[in-house]
Amino acid sequence: MTFITKRHLSRRTFLKRTGVSLALPLLESMVPARTALAQTAAVPKTRLGCIYIPHGATMDKWTPAGEGTAFEFSEILKPLEPFRNRVTVVSNLAHKGVAPWTGEDTGGAENHVRAAAVFLSGAHPVKKNEAHVGVTVDQVAAAHVGQDTPLPSIELSMEPLNLTCGDAGFTCAYRNTPSWKSATLPLPMENNPQIVFERLFGDGSTDVQRQERRQQAKSLLDSIRDQVPSLEKDLPAGDRRRLRDYLDEVREIERRVQQGDAKLSASLELPEVPSGIPVAFEDHLKLMFDLQVLAYKADVTRISTLMLARENSNAVYPGSGVREGFHNASHHSNERRNMDQFAVLNQYHIKTLTYFLEKLRSTPDGDGNLLDHSMVLYGSSLSDGNEHDFDPLPVLVAGGASGRLKGGRHVRYAPHTPMANLLLTMLDMMGARVDAIGDSTGRLEI
């Protein structure tokens, strides 16, 4: 594909005002005239999204029938059918780092404590009051490619930080984040969309600054809108449309964040809730997904991690139709009725994932869309939540990884294959090649 444009913009063009900067999406005008996209700095870069879901799954309703391209989506994964050509289900992976070392404990319920910290590291979280696990795949990628963007990575959660986890002999950090910058440095997860938005697009980094900004009720876009006419006057019609669509999307997300803040503040019957967090889980999650898509689109960051819930979370999801808490539902006692109920929860979470995939697919990026140029890892470090085991794991990868990931397949590896081998392979696809990560033993064909 070759573009002919009247004006060449830098890929790092920003709209700026004091305290506010807004990166722009990839426009055709960022490609020099008569230049093939693949030969420019504007060639799309692969984005990495890592999504952790605790408590495992009902595995016989997760694992697809058939292998290769001739597979059928299982009951839990059926909502992914519209994205078939961009989904790869991987089976027989294991995270033995979830298990206790000799002399630590007996495993079982303690595996919940370690699970999240193992998911992206493939390393064993040592049982002691000081954190020690291993650098995670998102942070290895951030160290290699994240320096090209304003934020190397963002870390998000659907639940607030829990400093009273009550796990004797363990640091609470293992439960609170799946993202580790080093073996001893856990990265905090942010569950407030208001704070995430301002981190991505503003300099309101303190509580006082954020409060002042809310009280003034000033729109981020209003503070920079006078720059838009001068920028767009020389742009071709296609770029003007993309710019307007992008700015409308930014404004809509900002409106929803402010609306959630106003609704919570106005309700006297509710307990005090952190501002900017929608009440409904689905609304909250969609907003967090939208923020990631917007960050990818503007190239503010290419790497994000999202924790849907902590291990042992007993969150209830009314939209699923299941009234039992998440953790309790995972303890099905091997009764078919309970296992089927847990599978309903598993499918519900997959349905929420499809919103993210559709947003990525519908967002143009260079010569394709964001789903083409992303790699989204979704899964858990536990297999059967009732048994607290870690083999085989429910894991899938979505997206095209800029042509490096085929999709449309169910790949079944040899039993007990380290999931760290998948993490190692994903780093190759991100252009962040390393010799090993966690307990990896080699790379996978995927």
Side-chain angles (χ1 to χ4, degrees), residues 11-12 23 26 37-38 40-52 86-88 90 93 95 118-123 134-156 177-182 187 292-293 295-307 356-357 360-361 363 365-379 395-407 409 411 418-446:
R11 183 65 184 95
R12 295 259 51 86
L26 178 61
L37 182 64
T40 77
V43 62
K45 306 296 184 181
T46 301
R47 283 75 160 184
L48 173 64
C50 302
I51 303 175
Y52 182 72
R86 281 289 179 244
V87 173
T88 302
V90 288
L93 301 183
H95 257 332
V118 181
F119 184 60
L120 300 178
S121 69
V135 62
T136 50
V137 66
D138 59 316
Q139 293 308 301
V140 175
H144 281 76
V145 303
Q147 305 309 310
D148 295 336
T149 56
L151 295 177
S153 65
I154 54 173
E155 295 74 40
L156 313 176
T177 178
S179 184
W180 293 71
K181 192 173 182 66
S182 71
L187 293 181
Q292 290 174 82
V293 172
Y296 292 170
K297 183 176 182 178
D299 209 27
V300 174
T301 188
R302 298 174 192 153
I303 300 165
S304 63
T305 303
L306 174 65
M307 194 177 196
F356 185 40
L357 300 184
L360 292 171
R361 185 170 65 178
T363 303
D365 186 63
D367 58 353
N369 58 60
L370 279 179
L371 187 59
D372 295 334
H373 304 144
S374 295
M375 182 165 45
V376 180
L377 173 67
Y378 177 98
V395 176
L396 63 87
V397 185
S402 303
R404 299 179 183 90
L405 189 60
K406 296 178 183 177
R409 293 172 303 141
V411 183
M419 182 174 162
N421 289 1
L422 174 62
L423 301 179
L424 190 65
T425 305
M426 291 174 63
L427 285 173
D428 284 357
M429 294 181 182
M430 286 295 298
R433 188 178 180 88
V434 294
D435 293 334
I437 185 170
D439 64 350
S440 63
T441 58
R443 290 170 169 79
L444 300 179
E445 292 290 332
I446 186 171

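The analysis underlying the following values was restricted to heavy atoms, covering all of them including side chains, and did not include hydrogens, waters or symmetry mates.
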Separation of C50 SG from D138 CG (nearest 0.5 Å): 5.5 Å

List the steps and the verdict of salt bridge (Lys or Arg N to Asp or Glu O under 4.0 Å) for D365 and R47. CA-CA 11 Å; D365 186 63; R47 283 75 160 184; 2.9 Å; yes

Side-chain heavy-atom pair Q147, P152 within 4.5 angstrom cut-off: yes

Roughly how far apart are L427 CG and I437 CD1, rounded to 0.5 Å? 5.5 Å

Would you say T305 and Q139 make side-chain contact, with heavy atoms under 4.5 Å? no

State, yes or no, whether a side-chain contact exists between D367 and H373 at a heavy-atom distance under 4.5 Å. yes

Give a yes or no answer on whether the side chain of Y296 reaches the backbone of L48 with a donor-acceptor pair at less than 3.5 Å. yes

Note, T136 side chain near P178 side chain (heavy atom, < 4.5 Å): no

M375 vs M429 side-chain heavy atoms within contact, under 4.5 Å: yes

Could you report the tightest heavy-atom contact between L357 and A398, atom names first, then the distance? CD2-CB, 3.8 Å

Nearest atoms (heavy-atom pairs only) where V118 meets H95: O-NE2, 3.3 Å

Report the distance from atom CD1 of I303 to atom OG1 of T46, rounding to the nearest 0.5 Å. 10.5 Å

Exactly one candidate in N421, L422, L377 meets side chain to side chain contact (heavy atoms under 4.5 Å, CB included) with V90; the answer is L422

Walk me through whether D299 and K45 qualify under side chain to side chain contact (heavy atoms under 4.5 Å, CB included). CA-CA 9 Å; D299 209 27; K45 306 296 184 181; 5.6 Å; no

Minimum heavy-atom distance between E445 and V411, given as atom pair plus value: O-CG1, 4.2 Å

Would a 4.5 Å heavy-atom cut-off, applied to side chains only, mark I446 and R409 as touching? yes

So which atom in G442 and which in L424 form the shortest heavy-atom distance, rounded to 0.1 Å? O-CD2, 3.9 Å

Pairwise side-chain contact, R86 with D372, heavy-atom cut-off 4.5 Å (strictly under): yes

Looking at OG1 of T425 and CG of L444, how far apart are the two atoms once the value is rounded to the nearest 0.5 Å? 4.0 Å

Shortest non-hydrogen separation from G431 to V145 and the atoms involved: O-CG1, 4.3 Å

Checking S304 side chain against I154 main chain: does a donor-acceptor pair fall under 3.5 Å? no

Given side chains that start at C-beta, do those of E155 and K181 come closer than 4.5 Å, heavy atoms only? no

Just verifying a value: how many Å separate F356 CZ and I51 CD1, rounded to the nearest 0.5 Å? 5.5 Å

Looking only at heavy atoms, the pair that brings S374 and L360 closest together is OG-CD2, 4.2 Å

What distance separates L187 CG from W180 CH2, expressed to the nearest 0.5 Å? 9.0 Å

